[in-house]
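These notes concern the structure reproduced below.
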Amino acid sequence: MTEELKQLLERAVKNIARDSKQELPEGFMVRLERPRQAGHGDWATNIAMQLAKPFGMKPRELADRLIDQVPLGEVVEKAEVAGPGFINFTLVSNWITETLKNTISQNEKYGRVNLGRGRRVQVEFVSANPTGPLHMGHGRGAAVGDITASILDFAGWDVEREYYINDAGLQMELLGKSAQSRYFDELGRGDEAPMPEDGYHGEYMTDIARSFVKEYGEELANKPLEETVAFFSAETGKIVTEMIRKDLEEFGVTFDVWFSEKSLYDNGQVEPAMEELKDRDFAYEEDGALWFRSTLFGDDKDRVLIRTNGVPTYFTSDVAYLKNKYDRNFEKLIYVWGADHHGYVPRLKSVNKAFGHPDDSVDVLLIQMVNLLRDGKPVQMSKRAGTIITLREIMDEVGVDATRFFFVMRRCDSTLDFDLELAKKATSENPVFYVQYAHARICSIYRELEERGIAIPDIEEFDVSQITDPTEINLVKAISRLPEEVAKSAEEFAPHRIAYYATELAEAFHSFYNSQRILGVDEPVMKARILLMQATKITLKNVLGLLGVSAPEKM
RNA sequence: GUGCCUGUAGCUCAGCUGGAUAGAGUGUCAGCCUCCGGAGCUGAAGGUCUCGGGUUCGAAUCCCGACAGGCACGCCA
């Protein structure tokens, strides 16, 4: 119905432009917005104010002429000019019927839009080094990445989730040495393989060392250290990656592809990427190293791709990886990174341009830090002291649902305060429970219906004239917003919008529930309200589904 | 020093591709089920949108400049 209104307005604008022999400004589009204020109708537009200048008319005068061109009856019930030149539209009550019918008939598909038109998009996220368990920051990245991917899927994109395993750098050797050292410790021969100074000290390393002892006994200790370190690196990397995979799975995040950085080298994909840069004259050799001309893109110095000693940098892998992604025919690439990597974004964008791709086919979501609190007080963490709080600990303490919700509650580019005690609270302070409670309440009504032997009416029986209370209309309005909220959050890569919307939807429901009854009222009213509950339940479930949060029937 | 992010109610934050009286939650205060789940609802109080300029019919929103907090500036990853 909103589309129809848009078309009516577009036609009206064109008519007026023609009659007054005015040109429409380039790229002009009719945009409708939800008025913030109740009493300002269902939709509003500011086009009269936008076009007043180019048309050489007064905003209100133009608004009046626009209204004259919009027929009343089929779509619009009322149109009025307000304030400096807004036009407020009230739709015919049909929109209520339409919304409920849509919701109930589309069911689990309700809220889907076709913004993506089936285009392929890759969301690469978490991508933590396989050197230790995931911590808080990774958790936020995981939630944001996963939920963004879900939203894009809902918005009609063909989405792939990918984890990039950084298993090629120096840190892997350090990991191997650390494991080796712990292995010797377990055998009581610690002196033979000292722990590297900045090695990995976490407890998990001891567990891993024990597993080596269990499987190989002293066998690995009877060879020269240099001979086994590569084995330790590779095996430990695998074990840690598996640990990470399990944690993420429990967190509700599954990846379509686990992409190994090392495989870029093993499969010879690095060389061609370098050659392509050289061919395009974006890379050159100097002082025995290979350089990328990042200064062409505003960087203050060129960056090294291959070091003097012949060893490629991390950046090199990323160049090859980017090329590899495009080779897999993605139209859009989304990187979810911790904000501490922000300085690296221009470099990635530069390479993207150097390869001749449009700037907007790569988007980097920078996720700001997480401050962990307990009862409002910061939790002290130190890598050195081994007091890092892991994602697993948080999941275990506050549960997956609350953890996910809290991680996406805020805009990505603002730092997040995560209060463990608050997240655990099963009270109104906790927005997760507020939303889930709404769903559970409706389920409870359904149980009651069944007990009383009342059947759920067919949507065709819906009688819109029974929906009269402001809280009811408000609830329908909230339900009807899902598709546009999906579209907006997909366009902006803003998963937090969905968390906010979920809360607003629940609020509309609770408000209705407290002021009106579903059972024990006249049958026509009851039937209409049961259908309203049906649509509310579907919408709540779909929204929670997008967030990866469960929609419990009982709490 | 340079770059990026942030600064909105006591606290935690939405709103930022310019629009109407700046919104939530929480906290404070006052109320609300003999009834479908009170983990709920209704209302009140609470604001120089950090500050100063500019653009505009109109600025929390855009531009410039301060100030404050966070993060990053390797032939590390």
Side-chain angles (χ1 to χ4, degrees), chain A residues 31 33 35-37 39-40 44-46 49-50 52-53 58-59 82-86 88 129 131 166 168-172 174 198 261 287-291 298-301 303-318 338-346 366-369 371 373 376 409-417 419 422 425-434 436-438 440-449 451-452 471 491-492 496-497 499-500 503-504 506-507 509-521 526 529-530 533 554-555:
Chain A
R31 276 170 48 192
E33 47 191 68
R36 216 178 301 166
Q37 200 99 26
H40 284 168
T45 182
N46 62 354
M49 287 181 286
Q50 275 177 23
K53 205 172 227 178
K58 285 180 184 159
F86 291 97
N88 295 331
N129 289 347
T131 52
N166 295 122
L170 294 173
Q171 82 281 359
M172 291 312 289
L174 193 59
D198 41 0
E261 177 185 4
D287 303 334
L290 184 69
W291 299 78
D299 203 347
D300 45 6
K301 58 178 281 201
R303 302 292 167 175
V304 170
L305 286 161
I306 310 285
R307 300 184 187 96
T308 321
N309 63 7
V311 178
T313 63
Y314 176 79
F315 180 40
T316 312
S317 305
D318 261 10
D340 51 345
H341 288 76
H342 73 263
Y344 196 76
V345 176
L366 293 172
I367 314 289
Q368 290 292 335
M369 293 194 354
N371 300 315
L373 308 174
M409 231 169 28
R410 304 291 178 228
R411 224 161 85 239
C412 294
D413 45 17
S414 85
T415 54
L416 172 75
D417 285 344
D419 195 313
L422 175 61
K425 271 187 197 163
T427 70
S428 58
E429 290 168 71
N430 191 335
V432 194
F433 287 90
Y434 185 77
Q436 289 181 318
Y437 182 50
R441 260 183 158 176
I442 296 176
C443 291
S444 165
I445 298 167
Y446 277 41
R447 286 192 292 271
E448 189 66 28
L449 281 174
E451 210 156 286
R452 299 191 191 186
T471 62
E491 267 173 344
E492 298 168 22
H496 75 280
R497 294 193 78 111
Y500 271 90
T503 316
E504 284 159 16
E507 188 181 13
F509 163 76
H510 287 305
S511 179
F512 157 76
Y513 182 89
N514 269 274
S515 87
Q516 305 298 326
R517 294 190 55 78
I518 293 132
L519 303 174
V521 293
M526 179 184 75
R529 287 184 183 161
I530 291 174
M533 286 307 95
K554 282 183 189 172
M555 292 175 73

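Chain A is the first sequence line, chain B the second, and so forth, proteins listed ahead of strands; every chain is numbered from 1. Bear in mind the structure is a predicted one, so any value in this text is a computation, not a measurement.
A salt bridge is absent between A:R410 and A:D413: the closest approach of a Lys/Arg side-chain nitrogen to an acidic carboxylate oxygen does not fall below 4.0 angstrom.
Ring-centre distance between A:Y513 and A:F509: below the 6.0 Å cut-off.
When the nucleotides B:A20, B:A72, B:A77 are ranked by their closest atom to the side chain of A:N88, B:A20 comes out on top. Nearest nucleotide to the side chain of A:A289, out of B:U6, B:G40, B:C75: B:C75. Of the listed nucleotides (B:C57, B:A77, B:C41), B:C41 has the atom at the smallest distance from the side chain of A:Y434. Closest to the side chain of A:F433, from the set B:A77, B:A14, B:A39, is B:A39. Distance from the side chain of A:N514 is smallest to B:C41 among B:A14, B:U12, B:C41. Distance from the side chain of A:R36 is smallest to B:A20 among B:A20, B:C75, B:A39. When distances run from any side-chain atom of A:R303 to the nucleotides B:C13, B:C75, B:C4, the shortest one goes to B:C75. Residue A:L519 places its side chain closer to B:C36 than to any other of B:A77, B:U6, B:C36. Among the nucleotides B:A14, B:A20, B:C41, the one closest to the side chain of A:H510 is B:C41.
At a threshold of 4.0 angstrom between heavy atoms, the contacts of A:A44 include nucleobase atoms, whether or not backbone atoms are also involved. At the heavy-atom level, A:Q516 lies under 4.0 Å from base atoms of the strands shown. A:E507 comes within contact range of the sugar-phosphate backbone alone, with a heavy-atom separation under 4.0 Å but no base atom that close. Among the atoms of the strands shown, only primed sugar atoms or phosphate atoms (P, OP1, OP2) are found under 4.0 Å from some heavy atom of A:T313. As judged by a 4.0 angstrom heavy-atom cut-off over every strand, A:Y513 is placed among the base-contacting residues. Among the atoms of the strands shown, base atoms are found under 4.0 Å from some heavy atom of A:K554. Among the protein residues, A:M49 comes within range of the nucleic acid bases, having at least one heavy atom under 4.0 Å from a base atom. Within 4.0 Å (heavy atoms only), A:I518 reaches at least one base atom of the nucleic acid. Contacts of A:A438 with the nucleic acid, taken as non-hydrogen atoms under 4.0 Å apart, are absent.
Of the possible polar contacts, one joining the A:N309 side chain to the A:V311 backbone as a donor-acceptor pair under 3.5 Å is found. Looking only at distances, no side-chain donor or acceptor of A:T471 sits under 3.5 Å from a matching main-chain atom of A:S511. For the pair A:H342 (side chain) and A:A339 (backbone), a donor-acceptor distance under 3.5 Å is present.
Taking side-chain N and O atoms only, A:H341 has no distance below 4.0 Å to OP1 or OP2 of B:C71. Note on A:R529: every side-chain N or O is 4.0 Å or more away from OP1 and OP2 of B:C36. Between B:G38 and A:R441, a contact under 4.0 Å exists linking OP1 or OP2 to a side-chain N or O. Listed pair A:T415 / B:U12 fails the phosphate criterion, with no side-chain N or O lying under 4.0 Å from OP1 or OP2. For the pair A:S511 and B:U42, the criterion of a side-chain N or O lying under 4.0 Å from OP1 or OP2 is met.
A gap of 10 Å separates the C1' atoms of B:U8 and B:G23, to the nearest Å. Going from the P atom of B:C32 to that of B:C49 covers 37 Å, rounded to whole Å. Look at the P atom in both B:G37 and B:G18: the space between them is 47 Å, to the nearest Å. For the C1' atoms, the distance from B:G27 to B:U12 is 11 Å, rounded to whole Å. To the nearest whole angstrom, the two P atoms, one in B:C71 and one in B:G25, are 32 Å apart. A distance of about 23 Å separates the C1' atoms of B:A68 and B:C62, rounded to the whole Å. Across the P atoms, B:C73 and B:G65 are found 25 Å apart, a figure rounded to whole Å. As rounded to the nearest Å, B:A14 and B:A22 have C1' atoms that lie 11 Å from one another.
Atom C1' of nucleotide B:G18 and atom CG of A:N46 are separated by 9 Å, given to the nearest angstrom. The distance between atom CG of A:N371 and atom P of B:C5, rounded to the nearest whole Å, is 19 Å. Rounded to an integer number of Å, the gap from CG of A:L422 to P of B:C13 is 12 Å. Put simply, NZ on A:K301 is 13 Å from P on B:C73, counting in whole angstrom units. The distance between atom CZ of A:F512 and atom P of B:G40, rounded to the nearest whole Å, is 18 Å. Remark: P of B:U2 and CG of A:D299 are 17 Å apart, rounded to the nearest angstrom. Rounding to whole angstrom units, CG of residue A:L366 and P of B:C71 are separated by 15 Å. Summarising the geometry, the separation between CG on A:L416 and P on B:G70 is reported as 17 Å, rounded to the nearest angstrom.
Between the CG atom in A:N88 and the OG1 atom in A:T45 there is a gap of 10.0 Å [rounded to 0.5 Å]. Note: A:Y446 OH to A:M533 CE = 8.0 Å, rounded to the nearest 0.5 Å. Atom-to-atom distance recorded for A:T316:OG1 and A:R307:CZ is 7.5 Å, nearest 0.5 angstrom. Here the CG atom belonging to A:L305 is positioned 5.0 Å from the CG atom belonging to A:L290, to the nearest 0.5 angstrom. Between the CE atom in A:M369 and the CG atom in A:L416 there is a gap of 10.5 Å [rounded to 0.5 Å]. We find the SG-NZ distance between A:C443 and A:K554 to be 10.5 Å, quoted to the nearest 0.5 Å.
For B:C75, the base has a donor-acceptor partner in the side chain of A:T308 [N/O atoms by modelled type, under 3.5 angstrom]. Side-chain atoms of A:D340 and base atoms of B:A77 include no donor and acceptor less than 3.5 Å apart.
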*Stepwise, does the side chain to side chain donor-acceptor pair (under 3.5 Å) test hold for A:S317 with A:E261?*
CA-CA 7 Å; A:S317 305; A:E261 177 185 4; 2.6 Å; yes
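Between A:Y344 and A:E504, the residue whose closest nucleotide on RNA chain B is further toward the 5' end is A:E504. Nucleotides of RNA chain B nearest to A:T503 and A:R410 differ in position, and the one nearer the 5' end is that of A:R410.
By the stacking rule of 5.5 Å between ring centres and under 30° between planes, A:H40 stacks on the base of B:A20.
What you find for A:R517 and A:R529 is that their closest heavy atoms are O-NH1, 2.7 Å.
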*With Watson-Crick and G-U wobble geometry limited to distances under 3.5 Å, how should the secondary structure of RNA chain B be encoded in dot-bracket form, using | for bases paired to another strand and [ ] for crossing pairs?*
(((((((..((((.....[...)))).(((((.......))))).....(((((..]....))))))))))))....
Could you write out each protein N or O paired with an N or O of nucleotides 62-64 of chain B at a distance under 3.5 Å?
none

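Note on ring orientation: taking the six-membered ring where Trp is involved, the planes of A:Y344 and A:F315 are perpendicular (angle over 60°, cut-offs 30° and 60°).
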